Amino acid sequence: MPHYWLMKAEPAEASIDDVLAMPDATVGWTGVRNYQARNFMRDSMQVGDGVLFYHSSCAQPGVVGIARVASGIKVDPTQFDPASPYFDAASKPEAPRWLLVDVQVVHKTRNLTLPELRADAALADLLILKKGNRLSITPVEPAHWQHIVSVLGHPGV
DNA sequence: GCCAACGTTGGC
DNA sequence: GCCAACGTTGGC
């Protein structure tokens, strides 16, 4: 039974177009620095899980594509790079603190915007819409996933 | 730039 | 372990 996820990306940093331009349309999901989000990747994600690719911190936040989890869990190399904004001096190579998975874009969609998501009664319980939610990775209920890919006119992963 | 909400840190 | 201070997120 696959799981489904919503993963936030800042388009100024890694937009869906940026990822599409990469080999195999696949990107290592660097920069997760929240334990709960990390634990979702480490403990619950499986290769092939469905991912809603979401643009945040931008003019038109929303779901902009369908993606899939494309690797198992790996060490996030940016934590050891002093030049990276994600550098973590407290993390040691013998005990890496931060992890990532590869994410492969399957289909770029139109932007299903945040106001549209909020206006959809079927998505009232979508975690991203809950007040105060800031997690960059959240699980998505199968019914929510089916609804969103249907609204986007896509068969899913 | 503002601000609400939440996570992390660190003194005690 | 408590909790105030601080930093970050992210929409507006």
Side-chain angles (χ1 to χ4, degrees), chain A residues 3-22 25-45 49-69 73-141 143-145 147-149 151-152 154:
Chain A
H3 291 161
Y4 302 103
W5 309 94
L6 184 146
M7 298 177 77
K8 297 178 185 174
E10 299 189 12
E13 196 170 334
S15 73
I16 190 159
D17 289 326
D18 294 335
V19 177
L20 280 171
M22 302 184 81
T26 299
V27 66
W29 205 264
T30 57
V32 172
R33 294 294 180 271
N34 170 284
Y35 289 105
Q36 202 176 342
R38 180 203 67 182
N39 293 348
F40 281 139
M41 291 194 291
R42 185 190 63 191
D43 301 333
S44 303
M45 277 192 184
D49 280 359
V51 174
L52 299 172
F53 196 110
Y54 181 90
H55 278 173
S56 69
S57 294
C58 59
Q60 299 284 334
V63 174
V64 295
I66 307 295
R68 62 187 286 275
V69 175
I73 197 75
K74 305 180 188 180
V75 173
D76 180 347
T78 63
Q79 68 196 299
F80 304 123
D81 176 4
S84 167
Y86 299 119
F87 178 63
D88 182 352
S91 183
K92 301 301 169 196
E94 61 271 22
R97 179 176 296 181
W98 303 116
L99 305 170
L100 63 72
V101 296
D102 289 343
V103 173
Q104 179 176 37
V105 174
V106 174
H107 188 72
K108 181 182 174 180
T109 65
R110 74 178 179 89
N111 187 352
L112 179 56
T113 66
L114 183 55
E116 286 180 89
L117 294 169
R118 288 198 188 285
D120 192 333
L123 301 176
D125 295 325
L126 190 68
L127 288 176
I128 192 97
L129 303 180
K130 297 285 187 179
K131 186 176 183 181
N133 189 303
R134 302 184 318 180
L135 269 183
S136 63
I137 300 174
T138 48
V140 173
E141 295 293 329
H144 291 152
W145 168 270
H147 184 78
I148 290 171
V149 298
V151 166
L152 289 170
H154 190 266

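Just so we're clear, the structure is a prediction, and the values are computed from it rather than from any experiment. A, B, ... follow the sequence lines: proteins, then strands. Residue 1 opens every chain.
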- Message: At less than 4.0 Å, is any side-chain N or O atom of A:Lys8 found next to OP1 or OP2 of C:dT9? Yes or no.
- Response: no

- Compare side-chain N and O positions of A:Tyr86 against OP1 and OP2 of C:dT8 and report whether any pair is under 4.0 Å apart.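 A:Tyr86 to C:dT8 OP1/OP2: no side-chain N or O under 4.0 Å.
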
[atom1] of [X] versus [atom2] of [N]: gap in Å, rounded?
| X | N | atom1 | atom2 | result |
| --- | --- | --- | --- | --- |
| A:Asn34 | C:dT8 | CG | C1' | 10 Å |
| A:Leu127 | B:dA5 | CG | C1' | 16 Å |
| A:Asp88 | C:dT8 | CG | P | 13 Å |
| A:Lys130 | C:dG11 | NZ | C1' | 18 Å |
| A:Arg118 | C:dC12 | CZ | P | 6 Å |
| A:Asn133 | C:dT8 | CG | P | 19 Å |
| A:Leu135 | C:dG10 | CG | P | 9 Å |
| A:Glu10 | C:dT8 | CD | P | 13 Å |

- Query: Got a donor-acceptor pair under 3.5 Å from the side chain of A:Arg33 to the base of C:dT8?
  - Reply: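 Absent.
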
Which nucleotide in the set [options] lies at the smallest distance from any side-chain heavy atom of [X]?
| X | options | value |
| --- | --- | --- |
| A:Tyr35 | C:dG11, B:dA5, B:dT8 | B:dT8 |
| A:Pro61 | C:dG11, B:dA4, B:dG7 | C:dG11 |
| A:Leu114 | C:dG10, B:dG7, C:dC12 | C:dC12 |

- Task: Please determine if A:Asp88 and A:Arg97 form a salt bridge, counting it only when a charged side-chain N lies under 4.0 Å from a carboxylate O.
- Result: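 A salt bridge is present here (some side-chain N lies under 4.0 Å from a carboxylate O).
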
- Message: In the structure I gave you, are the side-chain heavy atoms of A:Leu126 and A:Asp120 within less than 4.5 Å of one another anywhere?
- Response: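 They are not in contact (no side-chain heavy atoms under 4.5 Å apart), so the answer is no.
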
- Task: Would you confirm whether A:Asn34, through its side chain, and A:Ser136, through its main-chain N or O, come within 3.5 Å as a donor-acceptor pair?
- Result: no

- Task: Taking A:Arg68 for its side chain and A:Val106 for its backbone only, find out whether a donor-acceptor pair lies under 3.5 Å.
- Result: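 Here the side-chain-to-backbone pair does not exist.
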
- Query: Looking at A:Val64 and A:Ile16, what are the two nearest heavy atoms and their distance?
  - Reply: O-CD1, 3.4 Å

